[in-house]
Amino acid sequence: MLKLTDLSSLIMYTTPFHKEVIIIQLSERQREIVDIVQRLAPVTGDKIAEELGLSRPTLRSDLALLVMLGLVDAKPKVGYLPGRYPNYDSHIGSMLKKLTVADILSDPILISGDATAYDAVLMLFQQNTGTLMVTGEEQELIGIVTRKDLLKVMLGHTDLHSVPVTMAMTRRAQMTTLAPGDSLLEAISRLIRHQINCLPVLDEPCTSSAPIQGLVGRVTKTDIMNAILNLTEEKT
């Protein structure tokens, strides 16, 4: 059972799989959604969007997260109601406990370690992604490069054509990974703990002294929110 505290801004809970405390800070928009639901319940997603001056699709991931956390409840043909804190005996809770990384992972977007930072910027825009997996000569995973990594290089007014992507990436020694059998909640825990948006998924354990092989996918915050959203839409 998740334990929550200070619901106005922070969610603190202990995962059912690990004896660790994780803190999630709600965004201002998420807090506004909770307030609207508490004031107007039962309220439809369209009405919430109208109150915020936004489109319904813009709120889908926020509503999915709030339903998962138990701050908001979703009733079929009724709308959204104030939540009763997370309940892992609920339909959504039961499904969340069953989902693994293998159920939600997406294909990794790769870039060669021989590429330049400029090549990486182009690929980020062309692929509409925030993270690239950098591979070595034997297609092993040697690092990850993100928009933030490349922005740091750009702020130095460096010619991106002359900077190898390996100079901008986060290297293997600093990387955190997932395995296909890890739970969805474990993936959420690691993304939050390390304050990152994407994790590579490897089909075999890796050690600090061995090259990382067996890259089978990635898990992003978007992958997780889509999985949660699918569960909530099954319920509504």
Side-chain angles (χ1 to χ4, degrees), residues 1-2 11 13-24 60-70 86-111 124 127-136 139-149 169-208 210-235:
M1 180 67 68
L2 274 68
I11 305 298
Y13 64 87
T14 303
T15 70
F17 300 102
H18 303 280
K19 299 300 183 182
E20 60 179 324
V21 173
I22 301 170
I23 296 177
I24 300 176
R60 293 173 77 237
S61 61
D62 291 318
L63 287 168
L65 175 65
L66 294 173
V67 169
M68 183 202 75
L69 294 175
N87 177 6
Y88 276 84
D89 294 326
S90 68
H91 165 72
I92 294 176
S94 298
M95 293 303 296
L96 280 174
K97 288 193 290 186
K98 294 177 182 178
L99 286 177
T100 66
V101 165
D103 296 319
I104 67 169
L105 62 78
S106 56
D107 292 333
I109 300 177
L110 308 178
I111 187 168
L124 286 174
Q127 300 293 332
N128 189 27
T129 186
T131 305
L132 301 174
M133 307 293 172
V134 185
T135 58
Q139 294 300 301
E140 76 277 17
L141 181 64
I142 61 174
I144 293 178
V145 64
T146 67
R147 292 174 180 171
K148 185 182 294 186
D149 295 327
M169 72 181 186
T170 298
R171 296 185 176 276
R172 174 175 63 86
Q174 286 77 45
M175 286 172 48
T176 301
T177 65
L178 291 167
D182 289 333
S183 70
L184 169 62
L185 293 180
E186 176 62 25
I188 294 173
S189 170
R190 293 188 193 180
L191 287 170
I192 293 170
R193 187 187 313 129
H194 296 283
Q195 299 181 4
I196 51 180
N197 296 317
C198 177
L199 284 170
V201 181
L202 308 175
D203 64 0
E204 61 183 47
C206 63
T207 66
S208 58
I212 298 180
Q213 304 284 355
L215 177 66
V216 295
R218 62 175 182 169
V219 168
T220 68
K221 288 183 177 179
T222 299
D223 294 327
I224 290 172
M225 296 312 300
N226 283 336
I228 296 170
L229 182 62
N230 289 336
L231 294 181
T232 61
E233 289 184 336
E234 288 177 9
K235 188 179 179 182

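Residues: numbered from 1 along the sequence shown. Keep in mind the model is a prediction, meaning the values are calculated, not measured.
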Is any side-chain heavy atom of [X] less than 4.5 Å from a side-chain heavy atom of [Y]?
X      : Y      : value
Leu184 : Asp103 : no
Leu215 : Leu202 : yes
Leu141 : Pro200 : yes
Thr146 : Ile196 : no
Pro180 : Thr100 : no
Asp182 : Arg190 : yes

Closest non-hydrogen atom pair between [X] and [Y], with its separation:
X      : Y      : answer
Leu178 : Ala187 : CD1-CB, 3.8 Å
Ser183 : Val101 : O-CG2, 4.0 Å
Met133 : Pro108 : CG-CB, 3.9 Å
Leu191 : Cys198 : CD2-N, 3.6 Å
Arg147 : Thr129 : NH2-O, 3.0 Å

About how many Å separate [atom2] of [Y] and [atom1] of [X], when rounded to the nearest 0.5 Å?
X      : Y      : atom1 : atom2 : answer
Thr222 : Ile104 : OG1   : CD1   : 11.0 Å
Leu99  : Glu186 : CG    : CD    : 14.5 Å
Leu63  : Met225 : CG    : CE    : 9.0 Å
Thr177 : Leu199 : OG1   : CG    : 7.5 Å

Task: Trace of the side chain to side chain contact (heavy atoms under 4.5 Å, CB included) decision for Ile142 with Met169 - done: CA-CA 9 Å; Ile142 61 174; Met169 72 181 186; 4.0 Å; yes
TODO: Evaluate the side chain to side chain contact (heavy atoms under 4.5 Å, CB included) criterion for residues Thr220 and Thr131: first the C-alpha distance (whole Å), next the side-chain angles of each, then the deciding distance (0.1 Å), finally the verdict.
DONE: CA-CA 9 Å; Thr220 68; Thr131 305; over 6 Å; no
Task: Sidechain-backbone polar pair: Asn226 side chain, Asp223 backbone, donor-acceptor under 3.5 Å - done: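 Absent.
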Open item on the list: Main chain of Asp107, side chain of Arg218: is a donor-acceptor contact present, judged purely on distance under 3.5 Å?
Closed with: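 Yes.
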Task: Listed partners of Thr135 passing side-chain hydrogen bond (donor to acceptor under 3.5 Å, both in side chains), at least two apart - done: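 Result, side-chain hydrogen bond (donor to acceptor under 3.5 Å, both in side chains) vs Thr135: none returned.
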